[in-house]
Amino acid sequence: MQETPLSDLIQQRIKKLSIIRSLGIEPYNGIFEPSDSTENIFKKFGELSKEELENENITLSVAGRIILLRDFGKAVFAHIQDSKGRIQIYLRKDILGEKFTPIKNLDIGDIIGVKGRLFRTKTNELTIEVHDFVFLSKALRPLPEKWHGLKDIEARYRQRYVDLIVNPSVKETFIKRQLIIKYLREFLENEGFLEVETPMMHTIAGGARAKPFKTYHEALDMELYLRIAPELYLKRLLVGGFERVFEIGKNFRNEGISTKHNPEFTMVEFYVAYKDYNWLMDFTEKLLSYITEKLCGSLQVKYGDYLIDFTPPYQRITMFDALRKKGLPEEAMKDCDLALQWAKAKGIEIPKGSSLSKVLDEIFKELVEPELIQPTFIIDYPVELSPLAKRKSDNPELVERFELFIAGREMANAFSELNDPLDQKDRFLRQLEERLKGDEEVPEMDEDFIKALEFGMPPAAGEGIGIDRLVMILTNNQSIRDVILFPLLRPETK
RNA sequence: GGGCCGCUAGCUCAGCAGGCAGAGCACCGCCCUUUUAAGGCGGGUGUCGUUGGUUCGAAUCCAACGCGGCUCACCA
């Protein structure tokens, strides 16, 4: 590795570091236990007037990063920032005496601990008059500008740590992300679900149709896949007698990257025995309105130009009714050639060799999906598109499945689970034909999953929700990369 | 993978009818003990993404490449 030449700015700071050391201070060895967070200080004392503060003589300590610095010669004002806020500090030569000297080598970005008395300045800002301070970390690299912050998108993703320091809204997004997952878990646990962990390294990448990442186990001399979905393992747990299970975790799909796709993404999948997809729709409404209400304090959420309303019930339309509304003639819904013709007339490109179901799916994605702004359940899909879902009893060509769309995006996918082992095997076999035709995304036959079904799986409903996409909606972010701390990027070239 | 756009100082950005590389903030020096985008005086710190080409002369024009963004394609 070639050392990058250090810029003058870094050299200057290294020089300051050695000056500090020559004063007998080791700026990385300090230990400091703050008495309060900045948030706490404002909560406890934010209402006190100038006079009250003078009378009460409140002494406290905080630690944080210097983000603004104003040097007056014999006095210095600075703002320090901790995890939840910032507060002004005031350092005076006549108070600090000898300890004032190293302050001349303080930089924006340094982390210090200060102890002092709370007061209000002439302009009424709550401020700590510092009586003692400790260097906790000397920053060698300068932070981005105080006014414009860090805007360069690439730099924000590559150096998320800097992004988090200087762009408060970014930190907020990731705090909300954690809250969303917390409320989700809370809701499911209150409903009697057991959280489980199933393998992320699979010998067969099943449960979805996607190209997997490959990896290799040395000791077993065996190829493995990073999971594309936990579905087949969670259903094995239904066979095993768990009646309500869920898993929150990463899935990995070896596909294109976009504002809606990251190769690794977070899903929750949950399964309930003895329920069907109708029950699950009601349940989904409760789940989403619970999270939204708790997070936003309202069921209405601004997303870009939209106001998304999570108040149940959500509209439920069958896939075929949605197509009918778009003017697709009845005959075309039963005839592949007619459907193809109709799609072509509308300027929709359809991959060669597509079956009727696939053509209808393409038309749906093109014409219907983008218009599903408010939470909407699309229900009853063709069996061919849904190899793991249970057939409708009144129409075996359709399955009891729904997808939830919000802001024109697929948010959740759910169905009454197929628990007929022979039908399941049959559908896997039919898929295998596609695999033999060269479709790499069709999973191999999972014999063990069939075996599990042969032991008997209770009727059940299962659902997967894309957490990243839900976070996008609830935090008003337009790119999935803005809700993933470290999105995948090509390495920088030097 | 295709199309379009971007890459200039630590950061945010000008400069691109080819002619000595700029501003604000940050930084360095001096002054300043209630400032807050502190202020005053002085200082430009750069591989203009990379490599080639055109030209007397390229940040600027052309080509290839790299990284990123948007978009299309892909996407159970």
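Small disclaimer: the values here were computed from a predicted structure and weren't measured. First the proteins, then the strands, lettered A, B, ... as listed; each starts at 1.
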Pair [X] + [Y], salt bridge at N-O below 4.0 Å:
{"X": "A/Glu403", "Y": "A/Arg401", "result": "yes"}
{"X": "A/Asp163", "Y": "A/Lys151", "result": "no"}
{"X": "A/Arg156", "Y": "A/Asp152", "result": "no"}
{"X": "A/Glu371", "Y": "A/Lys326", "result": "yes"}
{"X": "A/Asp107", "Y": "A/Lys138", "result": "yes"}
{"X": "A/Arg391", "Y": "A/Asp423", "result": "yes"}

Under-3.5 Å donor-acceptor pair between A/His261 side chain and B/C75 base: yes

Base B/U35 paired with A/Gln88 side chain (donor-acceptor, <3.5 Å):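 Indeed, a donor on one side and an acceptor on the other fall under 3.5 Å apart.
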
Starting from the 5' end of RNA chain B, give me the residue, A/Asn124 or A/Thr259, whose nearest nucleotide shows up first.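 Final value for this comparison: A/Asn124.
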
So which one's nearest nucleotide on RNA chain B is more toward 5', A/Ala78 or A/Arg253? A/Ala78

Whole-Å gap separating [atom2] ([N]) and [atom1] ([X]):
{"X": "A/Gln159", "N": "B/C11", "atom1": "CD", "atom2": "C1'", "result": "11 Å"}
{"X": "A/Glu349", "N": "B/A73", "atom1": "CD", "atom2": "C1'", "result": "8 Å"}
{"X": "A/Asp152", "N": "B/G49", "atom1": "CG", "atom2": "P", "result": "13 Å"}
{"X": "A/Gln478", "N": "B/G69", "atom1": "CD", "atom2": "C1'", "result": "14 Å"}
{"X": "A/Ile153", "N": "B/G6", "atom1": "CD1", "atom2": "C1'", "result": "10 Å"}
{"X": "A/Ile480", "N": "B/C75", "atom1": "CD1", "atom2": "P", "result": "17 Å"}
{"X": "A/Lys74", "N": "B/C32", "atom1": "NZ", "atom2": "P", "result": "5 Å"}
{"X": "A/Asp8", "N": "B/G46", "atom1": "CG", "atom2": "P", "result": "6 Å"}

Distance between [atom1] atoms of [N] and [M] (Å, rounded):
{"N": "B/C20", "M": "B/G57", "atom1": "C1'", "result": "12 Å"}
{"N": "B/G46", "M": "B/C11", "atom1": "C1'", "result": "14 Å"}
{"N": "B/G18", "M": "B/G3", "atom1": "P", "result": "28 Å"}
{"N": "B/G39", "M": "B/U45", "atom1": "P", "result": "24 Å"}
{"N": "B/G10", "M": "B/C16", "atom1": "P", "result": "23 Å"}
{"N": "B/A9", "M": "B/A21", "atom1": "C1'", "result": "10 Å"}
{"N": "B/G29", "M": "B/A64", "atom1": "C1'", "result": "47 Å"}
{"N": "B/U12", "M": "B/A17", "atom1": "P", "result": "25 Å"}

Give me the ring orientation class for A/Tyr277 and A/Phe402: parallel if the planes are under 30° apart, tilted from 30 to 60°, perpendicular past 60°. parallel

Please determine, for the side chain of [X], which listed nucleotide ([options]) has the closest atom?
{"X": "A/Lys151", "options": "B/C13, B/U34, B/C27", "result": "B/C13"}
{"X": "A/Leu150", "options": "B/C32, B/U35, B/C11", "result": "B/C11"}
{"X": "A/Phe72", "options": "B/C27, B/U35, B/U45", "result": "B/U35"}
{"X": "A/Glu145", "options": "B/G24, B/C70, B/U35", "result": "B/G24"}
{"X": "A/Thr121", "options": "B/U34, B/U33, B/C32", "result": "B/U34"}
{"X": "A/Arg481", "options": "B/A38, B/U35, B/C70", "result": "B/C70"}
{"X": "A/Arg490", "options": "B/G68, B/C27, B/U34", "result": "B/G68"}
{"X": "A/Tyr90", "options": "B/U33, B/C11, B/U35", "result": "B/U33"}
{"X": "A/Glu154", "options": "B/C75, B/C67, B/C25", "result": "B/C67"}

Please tell me if [X] has a side-chain N or O lying less than 4.0 Å from either OP1 or OP2 of [N].
{"X": "A/Arg70", "N": "B/U35", "value": "no"}
{"X": "A/Lys365", "N": "B/C74", "value": "no"}
{"X": "A/Arg141", "N": "B/C11", "value": "no"}
{"X": "A/Lys16", "N": "B/C28", "value": "yes"}

For [N], which nucleotide is its Watson-Crick or G-U wobble mate, given both distances must be under 3.5 Å?
{"N": "B/U35", "result": "none"}
{"N": "B/C65", "result": "B/G49"}
{"N": "B/G57", "result": "none"}
{"N": "B/C13", "result": "B/G22"}
{"N": "B/G42", "result": "B/C28"}

Applying a 4.0 Å non-hydrogen cut-off, can you work out what [X] is touching in the nucleic acid: base, sugar-phosphate, or nothing?
{"X": "A/Ala210", "answer": "nothing"}
{"X": "A/Lys358", "answer": "nothing"}
{"X": "A/Glu403", "answer": "nothing"}
{"X": "A/Arg158", "answer": "sugar-phosphate"}
{"X": "A/Leu489", "answer": "sugar-phosphate"}
{"X": "A/Asp94", "answer": "base"}

When you compare the ring of A/Trp147 with the six-membered ring of B/G24's base, are the centres less than 5.5 Å apart and the planes under 30° from each other?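 Answer is no, no stack.
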
So, taking the atom named CD in A/Glu54 and the one named CG in A/Leu118, what distance separates them when rounded to the nearest 0.5 Å?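 Answer for the CD-CG pair, A/Glu54 versus A/Leu118, is 10.0 Å.
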
With a 6.0 Å cut-off on ring centres, are A/Phe486 and A/Tyr161 close enough? no

